[in-house]
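What follows is a short report on a single structure.
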Amino acid sequence: VEMGVTDEKIIRLQQVLSKNKRLAVAFSGGIDSTFLLHFAIDTLGGGNVSAYSCVSAVNTAAALANMRGVFTTHFSKQSTLHEIEIYPLSWKEFVSNNDKRCYYCKKRMYATLLGEITKDGFYDLAEGTNIDDLKGNRPGLRAIRELNIQTPLVEAGLTKQEIRSIAKNIGLINHDLASNSCLATRVKKDTTINSRCLERIEKAEDYLKKNGFLGCRVKVDGDCAVIEIEKKDFLDFAKDEVRTGVIHTFYHLGLTQVSLSLTGR
């Protein structure tokens with residue numbers, strides 16, 4: 001049987017992973033880190049692999065529940081999950097929210113994880129950056145490189161689409177989960193980030209999701225909110241009862257000027 005490109009990439013991924021005897025994996029519950037954890041356990045055995053998740057005010061309750069749910073479904077019988085609390089709202093370089101925020105946050109976050117994994121006898125940390133991530137502006141990548149964190153999916157040449165497709169074939173429950181970024185990405189650049197602001201965003205997005213607008217984003221600048229929804233949802237959003245419900249809910253959250261981005265997501 002002739003091997004497909006993805007088969008070759010999986011073999012390459014297993015070769016990359018097998019250079020480690022033991023491996024810690026930074027795990028968010030998103031498809032990339034889930035895929036990586038699956039193949040790390042598959043290659044090295046569950047006893048030689050542990051998952052580490054940073055938990056903080058920039059994660060939504062839904063994202064945390066998803067992360068724990070994905071781990072329980074797929075990995076809890078073979079491996080262990082360590083949740084590490086971090087406090088970005090106490091880091092002034094994070095709160096000031098300039099264009100290096102993501103770099104500073106990733107650097108602190110991964111440095112914290114590196115400290116934690118050594119306590120458990122691990123010396124190597126891998127995370128789920130894929131080939132497509134290299135194309136965009138990802139300040140966090142600089143931190144990953146500086147700290148010598150492994151990026152096996154990049155080394156194997158795997159794209160997001162290939163990861164989703166293989167994940168579906170092997171039965172990972174989150175293969176089609178929309179990509180999610182932390183709540184801080186919704187706050188206007190150079191505007192101070194605080195817990196009240198993050199709570200507002202989380203509640204606003206929760207309301208939209210409960211009303212069927214999955215994959216939405218609410219960008220906030222003071223009392224102004226700009227809603228981003230998927231293009232297919234525009235007609236539903238335009239219904240009077242939907243629109244007025246959104247305005248009413250957002251107003252009670254202190255978001256008094258609400259608009260919809262016409263570009264969609």
Side-chain angles (χ1 to χ4, degrees), residues 28-34 53-70 86-89 94-99 101-102 105 132-133 136-140 160 164 173-265:
S28 67
I31 186 54
D32 297 328
S33 62
T34 304
S53 291
C54 284
V55 176
S56 78
V58 300
N59 306 117
T60 63
L64 276 180
N66 169 70
M67 182 267 291
R68 291 172 184 142
V70 171
I86 56 170
Y87 302 95
L89 293 177
F94 176 86
V95 172
S96 66
N97 195 22
N98 65 23
D99 52 10
R101 182 203 71 235
C102 193
C105 184
D132 293 333
D133 294 330
N137 172 28
R138 301 279 174 127
K160 187 76 167 190
R164 287 196 188 280
I173 56 168
N174 56 352
H175 65 86
D176 58 352
L177 184 77
S179 295
N180 195 18
S181 51
C182 84
L183 288 170
T185 58
R186 324 286 205 267
V187 184
K188 189 174 192 279
K189 200 167 80 80
D190 297 321
T191 307
T192 305
I193 297 173
N194 58 42
S195 56
R196 180 168 171 262
C197 169
L198 297 180
E199 281 163 19
R200 267 177 169 183
I201 294 164
E202 180 170 6
K203 286 177 177 161
E205 289 186 1
D206 276 349
Y207 175 80
L208 291 172
K209 284 170 187 164
K210 283 196 185 87
N211 284 278
F213 301 103
L214 304 177
C216 65
R217 293 276 188 279
V218 177
K219 300 282 176 73
V220 168
D221 176 9
D223 298 336
C224 303
V226 176
I227 297 169
E228 296 176 356
I229 55 174
E230 294 180 353
K231 293 186 182 77
K232 65 177 174 55
D233 292 331
F234 276 131
L235 279 176
D236 282 334
F237 194 90
K239 290 176 186 161
D240 266 358
E241 68 275 15
V242 174
R243 220 172 31 79
T244 50
V246 169
I247 291 166
H248 181 76
T249 304
F250 280 43
Y251 190 83
H252 279 282
L253 291 171
L255 298 166
T256 49
Q257 293 184 54
V258 184
S259 53
L260 178 69
S261 164
L262 294 182
T263 43
R265 295 204 64 227

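Every heavy atom of this structure was used, including side-chain atoms; hydrogens, water molecules and symmetry mates were not.
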Which atom of N97 lies closest to which atom of R101, heavy atoms considered: OD1-NH1, 2.7 Å
Spacing of Y207 atom OH and I227 atom CD1 [to the nearest 0.5 Å]: 9.5 Å
Pairs meeting criterion side chain to side chain donor-acceptor pair (under 3.5 Å) with involvement of residues 208-221, two or more places apart: K219-E228
Other residues, nucleotides, ligands: >12 heavy atoms within 6.0 Å of Y251 OH: no
Which residues share a side-chain contact (heavy atoms from CB on, under 4.5 Å) with T244, sequence neighbours left out: none
Residue pair E202, L183: steps toward the side-chain contact (heavy atoms from CB on, under 4.5 Å) verdict: CA-CA 7 Å; E202 180 170 6; L183 288 170; 4.1 Å; yes
Side-chain ion pair, D32 and K160, N-O less than 4.0 Å: yes
Residue list, side-chain contact (heavy atoms from CB on, under 4.5 Å) with T34, at least two apart or on another chain: F27, V70, F75, L172, N174
Minimal non-hydrogen separation, I31 against R164, with atom names: CG2-NH1, 4.0 Å
Criterion side-chain contact (heavy atoms from CB on, under 4.5 Å) on L255 and D223, from CA distance to verdict: CA-CA 5 Å; L255 298 166; D223 298 336; 5.6 Å; no
Residue pair L198 / V58, side-chain heavy-atom distance below 4.5 Å: yes
Closest non-hydrogen atom pair between P88 and V95, with its separation: O-CG2, 3.9 Å
Nearest heavy-atom neighbours spanning A184 and F94: CB-CZ, 3.7 Å
Flag side-chain contact, heavy atom, 4.5 Å: C197 against V187: yes
Under the side-chain contact (heavy atoms from CB on, under 4.5 Å) test, residues paired with D233 that sit two or more places apart: F213, I229, E230
Short side-chain to backbone donor-acceptor contact, D133 and R138, under 3.5 Å: no
Verdict with reasoning, T256 to F250, per side-chain contact (heavy atoms from CB on, under 4.5 Å): CA-CA 7 Å; T256 49; F250 280 43; over 6 Å; no
Distance-minimising heavy-atom pair for R186 and V218: CB-O, 3.2 Å
CD1 on I201 to SG on C182, rounded to 0.5 Å: 9.5 Å
Run the side-chain donor-acceptor check on residues 59-67: report pairs under 3.5 Å with partners two or more places apart or on a different chain.
unit_1 : atom_1 : unit_2 : atom_2 : d
N59    : OD1    : S56    : N      : 2.8
T60    : OG1    : A63    : N      : 2.9
N66    : ND2    : G29    : O      : 3.3

Any residue meeting side-chain contact (heavy atoms from CB on, under 4.5 Å) with S195, in chain and number order, not counting sequence neighbours: L89, E199
Verdict with reasoning, K203 to D206, per salt bridge (Lys or Arg N to Asp or Glu O under 4.0 Å): CA-CA 5 Å; K203 286 177 177 161; D206 276 349; over 6 Å; no
Nearest atoms (heavy-atom pairs only) where V220 meets G222: CG1-O, 3.5 Å
